[in-house]
Amino acid sequence: MASKKQGQRQVLESMYSVIALVFMLVACVELGDAASAVDVYRLIQYDISGVPFGSRLASLNHHASSLHFSPGADLSRTVLVIPVRELDLGFVKEYISQRQPLGGLLFLLPQIFSFENKEGTTDSDQNGGLELLKNKLIELEQSLIHANILYPVYFAFEDENVNAVLADIKKNDAAGQQATATTGGYKFVVSAPEPKKVASPVITNIQGWLPGLKADGDATQLPTIAIVVSYDTFGAAPALSVGSDSNGSGVVALLEIARLFSILYSNPKTRGRYNLLFGLTSGGPYNYNGTHKWLRSFDQRLRESIDYAICLNSVGSWDNELHLHVSKPPENAYIKQIFEGFTNVAEELGVKVGLKHKKINISNSRVAWEHEQFSRLRITAATLSELSVAPGLLESTGGLSDGRHFLNENAVIRTVKLVAESLARHIYGHQGKSIEIFANGSSLAVNPSYIRSWLDLLSRTPRVAPFLSKNDPFVMALKKELTDHTDEVIMQNEVLDGMFTFYDSTKATLNVYQVASVTFDLLLLLVLGSYLIVLFSFLVIITRGLDDLISLFRRPPSRKVKTA
């Protein structure tokens, strides 16, 4: 009896070892099925006056397909992988506008649009119509941010692993084997919590002050010239919105102008009779909300002392002409003076400055240009920009295509030279004179290395205001830079108010799995089951004999028979 129990125990132990081995093998196969992990960037989610826009979901767990899917296929549980190079805007707009059922969208961006790309443009990019690709991406971005999309939408960058997965997906789709639970294929999984509202997003304004020189016994307040730039961005993917041109170029131009005038104002002999106020404002894409709050914080004396304000917006990719946008009529004496100062210097530099007049509609809360916030308080102001017309709401605010490799450093250098020379001639009373104050090769020359280093920093720093804290390293770097070149640097933290509401979850990791079909799983289960039955029978026969194996499958005698 004891030997019989020992034999049964040996059989069970053998079975446990075999089952454990099988589970280990299956687990190893599952782990090996993960093709890759990819950094992905979610389409922005926000509300305007309670109306939802952008992508409303973040988590993803669907099979993948390409644009080569079969006609009439059910895509309600499918992630469409669309390279921007192959983008069919009409198809995407139709799916969005008609609210077609879809599991999700993944757009693949060329590496040239990545702020981590160090290689720059290549001949293949240029020959392939890079400008056309950029315009297509701009149009796609506008379609996405102005739509209410009920499924997850992500962006990723092309690389070898992603391209290999996409090639397999295309091959399967072309063969009519669209990925499903029964056919297998690739499965995309993003584990992300439900997006939550960003509570009380903070916007930070930074101002620096260069005081002018008063004459002995002069008790009157000196006039002030303000140079102002909005530094934050907005785009389809907040984690990718670096805004190299809009408005990184404006920020760099302001910092270089502050550096140049700090040299002049450090010496009492060359300090001007004007105060210079440098303002870095936030909330630009949202009707310049930060500029509005900053101006409202001024006391009446400071507001009245401002002779005029120059705002800089998108000055990094122009060739030969800039535009001076104003709200007051061109016949206004102050506007004439500012415009003539710019045009005189522009002629010497071999470039053009055009004057663009646009009236302010007081009844409309929409603010197209930053200078309009000054004009609403009856302060003379103008915006210098490469843009000839005012952009629409949330347009030209530093989106996906606004990267470092599309920026012209020489354009920023010429903008600095134009603005600095114009201001200096006005401050020192040299209007109409061909006097070069910031001459090349002098101690007051524009520094290309300084401009390049700041352009590099801004071009790899996403700056969407609701996701940029008041103590963010970039904000503190701006404060430090102004502190190095100006006096009385002040930071103003305000809550972004108005009609905008934002949601978090802007970046995630996409896990790509290569999954087998259900048919394969059933076949594998059948093979393993048969193997285990044969192995079990073999072990029983060699340990207990054939009779004991047969007895396992006999029907046990009833209780009545046992009792009898």
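The model shown is predicted, which means the values in this text are computed figures rather than measured ones.
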Any ion pair linking E348 and R425 (charged N to carboxylate O, less than 4.0 Å)? yes
Any side-chain heavy atom of E481 within less than 4.5 Å of one from W454? yes
Which value, rounded to the nearest 0.5 Å, describes the distance between I306 atom CD1 and I379 atom CD1? 4.5 Å
Donor-acceptor pair, distance only, cut-off 3.5 Å: does the side chain of R301 make one with the backbone of F298? no
Side chains of L254 and V228, heavy atoms from C-beta outward: is any pair under 4.5 Å? no
Under 3.5 Å, is there a donor-acceptor pair between the N471 and S469 side chains? no
Taking side chain as C-beta onward, heavy atoms only, is W318 less than 4.5 Å from L387? no
With a 6.0 Å cut-off on ring centres, are Y334 and F339 close enough? no
Using the six-membered ring of Y450, assess whether NZ or CZ of R259 lies under 6.0 Å from its centre and within 45 degrees of the ring axis. yes
What's the spacing between S422 OG and L384 CG if we round to 0.5 Å? 8.5 Å
Does G316 offer a backbone N or O that forms a donor-acceptor pair with the side chain of E386 under 3.5 Å? yes
No-hydrogen, no-angle side-chain donor-acceptor test under 3.5 Å, T224 and S305: yes
Does D299 come within less than 4.0 Å of R303, counting only side-chain N to carboxylate O? no
Check whether N364 reaches the backbone of R366 with its side chain - one donor and one acceptor, N or O, closer than 3.5 Å. yes
Is there side-chain contact between L277 and Q207, with at least one heavy-atom pair below 4.5 Å? yes
Distance in Å, T501 OG1 paired with I48 CD1, rounded so as to fall on 0.5 Å steps: 9.5 Å
Has H357 got a side-chain atom pairing as donor or acceptor with S327's backbone, closer than 3.5 angstrom? yes
Whether K134 and E139 form a salt bridge (side-chain N of Lys/Arg under 4.0 Å from carboxylate O of Asp/Glu) is what I want to check. no
Please test Y41 against T506 for side-chain contact (heavy atoms from CB on, under 4.5 Å), starting from the C-alpha separation and ending with a verdict. CA-CA 6 Å; Y41 309 89; T506 61; over 6 Å; no
Decide yes or no on side-chain contact (heavy atoms from CB on, under 4.5 Å) for V84 and L108, but give the supporting numbers first. CA-CA 6 Å; V84 173; L108 299 182; 6.0 Å; no
Answer with yes or no after comparing the ring centroid distance for F155 and F107 against a 6.0 Å cut-off, counting only values under it. yes
Just one of I360, V326, N287 clears the side chain to side chain contact (heavy atoms under 4.5 Å, CB included) bar with E372, so which one? I360
Using 4.0 Å as the upper bound for N to carboxylate O, is an ion pair formed by E436 and K417? yes
Looking at T281, D497, N205, which hits side chain to side chain donor-acceptor pair (under 3.5 Å) with K293? D497
Answer yes or no: is there a donor N or O on one side and an acceptor on the other, between the side chain of S375 and the main chain of H371, under 3.5 Å? yes
Of the non-hydrogen atoms in P211 and R271, which two are nearest, and what is the gap between them? O-CD, 3.3 Å
Nearest-0.5 Å distance, NZ of residue K214 to CG of residue N275: 8.0 Å
Judged by atom type as modelled, is there a donor-acceptor pair below 3.5 Å linking the side chain of D504 to the main-chain atoms of K196? yes
Would you check if there is a donor-acceptor pair between the side chains of W294 and Q492 at a distance under 3.5 Å? no
For the residue pair L322 and V351, establish whether any side-chain heavy-atom pair is separated by less than 4.5 Å. no
Do you see a donor-acceptor pair shorter than 3.5 Å between the side chains of E141 and S401? no
Check: N344 side chain, E340 main-chain N or O, donor-acceptor pair, under 3.5 Å: yes
Establish, from distance only, whether the side-chain atoms of T204 and N493 form a donor-acceptor pair under 3.5 Å. yes
L210 backbone acceptor or donor facing D487 side chain under 3.5 Å: no
Run the salt-bridge test on E409 and R452 with the 4.0 Å N-O cut-off and return the result as yes or no. yes
What one should report as the nearest heavy-atom pair of F113 and L133 is CE1-CD2, 3.9 Å
Before accepting this row, confirm whether a basic side-chain N of the pair K479/D484 lies closer than 4.0 Å to the acidic partner's carboxylate O. no
Say whether S230 and D232, considering side chains only, have a donor N or O and an acceptor N or O under 3.5 Å apart. yes
How about F467 and Y503: are their ring centres within less than 6.0 Å of each other? no
Taking all non-hydrogen atoms of both residues, which atom of A156 and which atom of V38 are closest, and how far apart? CB-CG1, 4.0 Å
Just how far is it from atom CG of L444 to atom CZ of F261, taken to the nearest 0.5 Å? 9.5 Å
Any side-chain donor-acceptor pair under 3.5 Å between H325 and N313? no
Indicate yes or no: at least one non-hydrogen side-chain atom of P195 is less than 4.5 angstrom from one of Q45. yes
Whether R463 side chain and G243 backbone form a donor-acceptor pair below 3.5 Å: yes
Which heavy atom of A192 sits nearest a heavy atom of A58, and at what distance? CB-CB, 3.9 Å
With a 3.5 Å cut-off and no angle check, do the side chains of H323 and S388 form a donor-acceptor pair? no
Indicate the atoms forming the closest heavy-atom contact of S314 with N247, along with that distance. N-OD1, 3.0 Å
Under 6.0 Å between ring centres: does that hold for H426 and Y308? yes
Any luck finding a side-chain donor-acceptor pair between W369 and S385 under 3.5 Å? no
Mind running side-chain contact (heavy atoms from CB on, under 4.5 Å) on F406 and D245 for me, showing each step along the way? CA-CA 8 Å; F406 300 94; D245 189 13; over 6 Å; no
Quick one: pull up NZ in K352 and OG1 in T343 and give me the separation to the nearest 0.5 Å. 13.0 Å
Do F278 and L255 come within less than 4.5 Å of each other through their side chains, counting heavy atoms only? no
Kindly give the heavy-atom pair with the smallest separation between P268 and L213, and that separation in Å. O-CD2, 3.3 Å
Taking the six-membered ring for Trp, are F234 and Y46 parallel (under 30°), tilted (30 to 60°) or perpendicular (over 60°)? perpendicular
Donor + acceptor pair across side chains of T380, K328 (<3.5 Å): yes
Decide if atom NZ of K507 counts as having more than 12 heavy atoms of other residues, nucleotides or ligands within a radius under 6.0 Å. no
Do I451 and I413 have side-chain heavy atoms sitting under 4.5 Å apart? yes
Determine, step by step, whether L295 and Q373 satisfy the side-chain contact (heavy atoms from CB on, under 4.5 Å) criterion, reporting the C-alpha distance in whole Å, the side-chain angles of both residues, the deciding distance to 0.1 Å, and the verdict. CA-CA 8 Å; L295 292 176; Q373 290 289 13; 4.1 Å; yes
Do the side chain of S459 and the main chain of D456 share a donor and acceptor less than 3.5 angstrom apart? no
Tell me yes or no: between the side chains of T233 and S241, is some donor less than 3.5 Å from an acceptor? no
Step through it carefully: locate the ring centre of Y265, locate the ring centre of Y274, and say whether they are under 6.0 Å apart. no
